Asker: 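Let me give you the structure first, and then I'll get to my questions.
By convention in this document, chain letters (A, B, ...) are assigned in the order of the sequence lines, proteins followed by strands, and residues within each chain are numbered from 1. It should be emphasised that the depicted structure is a prediction, and the values quoted were computed from it without experimental measurement.
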2 protein chains.
Amino acid sequence: MSFQTTFKALSDPVRREILQLLTKQRLSAGEIGQHFTMTAATVSYHLKVLKKADLIDEEREKNFIYYSLNTTVLEEVLLWLTDLKGNGEDEENN
Amino acid sequence: MSFQTTFKALSDPVRREILQLLTKQRLSAGEIGQHFTMTAATVSYHLKVLKKADLIDEEREKNFIYYSLNTTVLEEVLLWLTDLKGNGEDEENN
DNA sequence: AAATAATTTAGATACTTATCTAATTAGAAT
DNA sequence: ATTCTAATTAGATAAGTATCTAAATTATTT
């Protein structure tokens with residue numbers, strides 16, 4: 001997935017909050033929805049955006065879909081940002 | 001500035017490229033514009049968004065305005081992302 | 001196989017964003 | 001003071017995004 005997709009996904013507050021919820025444990029779409037006031041359809045939309053950006057994984061179980069954080073892409077974003085800030089004079093990292 | 005503002009600012013490819021140009025040296029609005037095909041007005045719009053997000057600083061000199069990277073906010077974003085990815089098992093923060 | 005439950009998809013709409021052209025501001029130099 | 005240059009602001013528009021309701025899908029249980 002492109003950086004573009006990733007950053008766009010990260011740019012919405014609801015989606016960032018979803019990611020934070022998922023740091024603690026995996027959650028079903030319904031459980032995620034309970035943390036917000038919007039409809040299940042809207043939550044689903046946000047999950048799709050996060051999924052497309054590879055920021056989350058999903059696994060189906062019974063008739064639930066559990067979502068969990070995928071940190072692989074986060075690493076790449078971290079590298080990009082680190083590189084960006086890395087040279088005031090001279091860089092020391094990564 | 002809010003995290004929201006910061007992430008929104010980072011979510012556009014033109015703006016990310018501007019930031020990268022500015023890692024090398026400060027540049028005037030005109031010099032920045034030369035790297036793109038869009039009009040000066042559009043570049044100015046993007047600079048305003050980056051400025052509002054505190055991602056860049058400006059200094060007026062003669063009748064040029066020079067822009068440079070401000071890494072302060074980048075640090076915060078780095079922390080946020082690091083925290084997000086930081087817990088495979090168990091969390092320590094937030 | 002019908003009914004129920006969890007979730008997604010489709011279609012509609014209001015809001016936001018990126019872009020342009022034209023006009024304006026601010027400073028420098030004639 | 002007029003002109004020239006650098007850059008921004010204003011106003012318009014097209015494209016993209018977040019949200020809703022209603023319908024469809026998928027799996028489970030009766």
Asker: Any sub-3.5 Å donor-acceptor pair from S28(A)'s side-chain atoms to E31(A)'s backbone N or O?
Answerer: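 Checked: pair present.
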Asker: Mind checking if A29(B) touches a base, just sugar-phosphate, or nothing, with heavy atoms under 4.0 Å?
Answerer: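 A29(B): backbone/sugar contact only, no base atoms under 4.0 Å.
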Asker: Could you check K8(B) against V43(B) and say which one's nearest nucleotide on DNA chain D is further toward the 5' end?
Answerer: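 The residue closer to the strand's 5' end, by nearest nucleotide, is V43(B).
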Asker: How many Å lie between CZ on F64(A) and P on dT4(C), as a whole number?
Answerer: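 To the nearest whole Å, that distance equals 17 Å.
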Asker: dT7(C) P sits how many Å from I56(A) CD1, rounded?
Answerer: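 After rounding, the gap between these two atoms is 13 Å.
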Asker: From the set dT8(C), dA22(C), dC20(D), return the single nucleotide nearest to any side-chain atom of M38(A).
Answerer: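 The listed nucleotide nearest to M38(A)'s side chain is dC20(D).
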Asker: Does dT7(C) have OP1 or OP2 sitting under 4.0 Å from an N or O in the side chain of S28(A)?
Answerer: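 Looking at the OP1 and OP2 atoms of dT7(C), one of them is under 4.0 Å from a side-chain N or O of S28(A).
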Asker: Once you round it to whole Å, what is the distance between P of dT19(D) and CD1 of I18(A)?
Answerer: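 In whole Å, dT19(D) P and I18(A) CD1 are 10 Å from each other.
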Asker: dT5(D) base to N63(B) side chain: any donor-acceptor pair below 3.5 Å?
Answerer: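 Answer is yes: a donor-acceptor pair is held.
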Asker: Answer with yes or no whether the hydrophobic clustering places L22(B) together with W80(A); edges join I, L, V, M, F, W, Y residues whose side-chain heavy atoms lie under 4.5 Å apart.
Answerer: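 Both belong to a single hydrophobic cluster.
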Asker: Does S44(B) place a side-chain N or O at less than 4.0 Å from the phosphate oxygens OP1/OP2 of dT8(D)?
Answerer: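 Answer is yes, contact under 4.0 Å.
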Asker: Identify whether any heavy atom of F36(B) sits under 4.0 Å from a base atom; if not, whether one sits that close to sugar-phosphate; answer base, sugar-phosphate or nothing.
Answerer: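 F36(B): no heavy atom of the nucleic acid under 4.0 Å.
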Asker: Grab the NZ-C1' distance between K48(A) and dA10(C) for me, whole Å please.
Answerer: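 Interatomic distance, NZ of K48(A) to C1' of dA10(C): 9 Å.
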Asker: Please work out if Y67(A) contacts a base, only the sugar-phosphate, or nothing of the nucleic acid, heavy-atom cut-off 4.0 Å.
Answerer: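 Sugar-phosphate, backbone atoms only, no base.
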Asker: What is the nucleic acid contact for Y45(B), judged by heavy atoms within less than 4.0 Å: base, sugar-phosphate only, or nothing?
Answerer: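 Base contact.
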Asker: Which nucleotide wins on minimum distance to the side chain of V14(A), given the candidates dT9(C), dT8(D), dT19(D)?
Answerer: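 Selected nucleotide: dT19(D).
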Asker: Does the side chain of R60(B) get closer than 4.0 angstrom to OP1 or OP2 of dA7(D) through an N or O atom?
Answerer: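 The answer is no; no side-chain N or O of R60(B) sits under 4.0 Å from OP1 or OP2.
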Asker: Rounded off to whole Å, could you give me the CD-to-C1' distance for the E61(B) and dG27(C) pair?
Answerer: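 Whole-Å distance recorded here is 13 Å.
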Asker: Report whether V14(B) and V43(B) are members of the same hydrophobic cluster (ILVMFWY, side-chain heavy atoms less than 4.5 Å apart, transitive linking).
Answerer: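 Yes, V14(B) and V43(B) fall within the same hydrophobic cluster.
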Asker: Are L47(A) and Y45(A) in one and the same hydrophobic cluster, where Ile, Leu, Val, Met, Phe, Trp and Tyr link if side-chain heavy atoms are under 4.5 Å apart?
Answerer: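 Looking at the clustering, Y45(A) is in a separate group from L47(A).
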Asker: For a quick test of reading the model: is some side-chain N or O of H46(A) closer than 4.0 Å to OP1 or OP2 of dT19(D)?
Answerer: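 For H46(A), the contact criterion (side-chain N or O under 4.0 Å from OP1 or OP2 of dT19(D)) is met.
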Asker: CD1 of I56(A) to OG1 of T71(A): how many Å apart, nearest 0.5 Å?
Answerer: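 Answer rounded to 0.5 Å: 13.5 Å.
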Asker: When you measure from the side chain of R15(B) to the backbone of A9(B), do you find a donor-acceptor pair of N or O atoms at a distance under 3.5 Å?
Answerer: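 Checked: pair present.
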Asker: Can you check the D12(A) CG to dT16(C) C1' distance for me, whole Å?
Answerer: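 Roughly 12 Å, once rounded to whole Å.
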Asker: Please report, rounded to the nearest Å, how far the P atom of dT8(C) is from the CD atom of E58(A).
Answerer: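 Whole-Å distance recorded here is 7 Å.
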Asker: dA18(D), OP1 or OP2 - any side-chain N/O from T42(A) closer than 4.0 Å?
Answerer: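 T42(A) to dA18(D) OP1/OP2: no side-chain N or O under 4.0 Å.
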Asker: Starting at atom CZ of R15(A), determine the distance to atom C1' of dT19(D), rounded to an integer number of angstrom.
Answerer: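 Rounded to the whole Å, the gap is 12 Å.
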